[in-house]
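Here the structure is a predicted model, which is why all the values come from computation and not from measurement.
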Number of protein chains: 2
Amino acid sequence: MSQLTCQEWSYHRRVSLRIAALGLLAQQPGSGYDLLRLFEQSMANVWPATQSQLYSELNKLADGGLIEVSAIGPRGRKEYRITDAGRAELRRWVNNPADDPPFRSPRLLRIFLLGEVSPSQAREHLAELAGRADGEIARLEKLRTEIVSENPDDGLFYGLAALDYGLRLNAMEAEWARSVIDAIDAR
Amino acid sequence: MSQLTCQEWSYHRRVSLRIAALGLLAQQPGSGYDLLRLFEQSMANVWPATQSQLYSELNKLADGGLIEVSAIGPRGRKEYRITDAGRAELRRWVNNPADDPPFRSPRLLRIFLLGEVSPSQAREHLAELAGRADGEIARLEKLRTEIVSENPDDGLFYGLAALDYGLRLNAMEAEWARSVIDAIDAR
DNA sequence: TCCCTCATGTAACACGTTACATGATTTC
DNA sequence: GAAATCATGTAACGTGTTACATGAGGGA
């Protein structure tokens, strides 16, 4: 009975917002509200979060002993901080990439099904994809400039690495989309 | 009362396995069991499916009139085929990329949190990523050779385009991972 | 007959979204 | 005092996974 208390944390490895929240709390304590803004600002590019889910995950994390309330402020504000168990869990997750969820991409699925629409519609769709990727590149480059100027030390080293991934991904995507357009034209 | 019948299909746009199944049935009729094998073979790289979900989605699709049972075989086998409404829905989805779910990547989240482990562990993790990407490239290239040799016509044009995306993605990832390793070494 | 493949389904759970609900504190 | 912001929560639903369950047909 009640096998659901502690083992839970080792069972479900396909875990996500839980980890993202844990990761933010590993850097500094904060309330749900604080975390929400951190998600919007820094982590949204990697892991968007909704308010609703965040608060319930924080409660679950606290129930599981991975975080704890470090202070109570006005308006019922609960400031959380990570525990040793939480840090261990975070490290375990980072070191175990084996069991990530399978790769799923609505974008690629759409490409797969592009034969269902006319060639001109397909070309248009791909051109939009390429344009969107160009826009993303511009946005991310601006973001990088801001981050670099506001953080002279390299405290955000890995954040910038992730950003670089985004830049390369979008460059690849734009190039690829245009190559498919060329292939359609050459058909 | 009962607003849940037909409008449903226009409301939920973040739809996925539903569309993938519809897309396969658009190419040829088949049973749930047939589709399952098609998912494993051709579509697993783009949209993996579990047996359980597939069968219930097929029932929902049939309830919604997007597919219909075209024949009943031995062992209760139900062969489905797409309807006109189904084709229309499929085309609508392909033409409306705007409301795809937000981009989420456990892989990138892990990079973001790589500061939690030691530099040597981080380097090792990135090396594994690069190696895995190399392996994926080999696998996809083999797959492409098979597809090209078995399909002299270009009936799988968009399938090959999706495959090319996968190749470029993995090449990008390997290159990126190695560049981050270099950056760690240079720190 | 026994086993493998074909063939479909149910139940419980995990994760994420949207919408709704509530109230305290600060600021103008 | 009104409004914006801070701060947390619940409920219902959609989608995906795992495990379990069932049975028919074909070949050794």
Side-chain contact check for A:Thr50: nearest option of C:dT18, D:dT15, D:dT17 is C:dT18

Counting primed atoms, P, OP1 and OP2 as sugar-phosphate and everything else as base, the B/S/- map of nucleotides 5-11 of chain D against protein heavy atoms under 4.0 Å is BBBBBBB

Please confirm whether the shortest side-chain N or O distance from B:Arg104 to OP1 or OP2 of C:dT17 is below 4.0 Å. yes

Taken to the nearest whole Å, CG/B:Leu35 to P/C:dC6 is 14 Å

Whole-Å distance, B:Ile72 CD1 to D:dG25 P, equals 13 Å

Separation of D:dG14 atom P from B:Glu57 atom CD, nearest Å, is 11 Å

State whether A:Glu79 and A:Arg77 are salt-bridged, where the test is any N-O pair (Lys NZ or Arg NE/NH1/NH2 against Asp/Glu carboxylate O) under 4.0 Å.
yes

The side-chain hydrogen bond (donor to acceptor under 3.5 Å, both in side chains) partners of A:Ser179 (sequence neighbours excluded) come to B:Arg168

Residues at least two apart in sequence or cross-chain that pass side-chain contact (heavy atoms from CB on, under 4.5 Å) with B:Asp182, listed by chain then number, are none

Taken to the nearest whole Å, NZ/A:Lys60 to P/C:dC13 is 13 Å

Taken to the nearest whole Å, CG/B:Asp100 to P/D:dT15 is 14 Å

Apart from A:Tyr55 itself, members of its ILVMFWY cluster (side-chain separation under 4.5 Å) are A:Tyr33

Separation of C:dT17 atom C1' from A:Leu54 atom CG, nearest Å, is 14 Å

With sequence neighbours left out, the residues meeting side-chain hydrogen bond (donor to acceptor under 3.5 Å, both in side chains) with A:Asn45 are A:Arg139

The complete set of salt bridge (Lys or Arg N to Asp or Glu O under 4.0 Å) pairs with one or both residues in residues 44-57 of chain A, sequence neighbours excluded, reads A:Arg18-A:Glu57, A:Glu57-A:Lys60

In whole angstroms, the gap separating P of C:dC15 from CG of A:Leu22 amounts to 13 Å

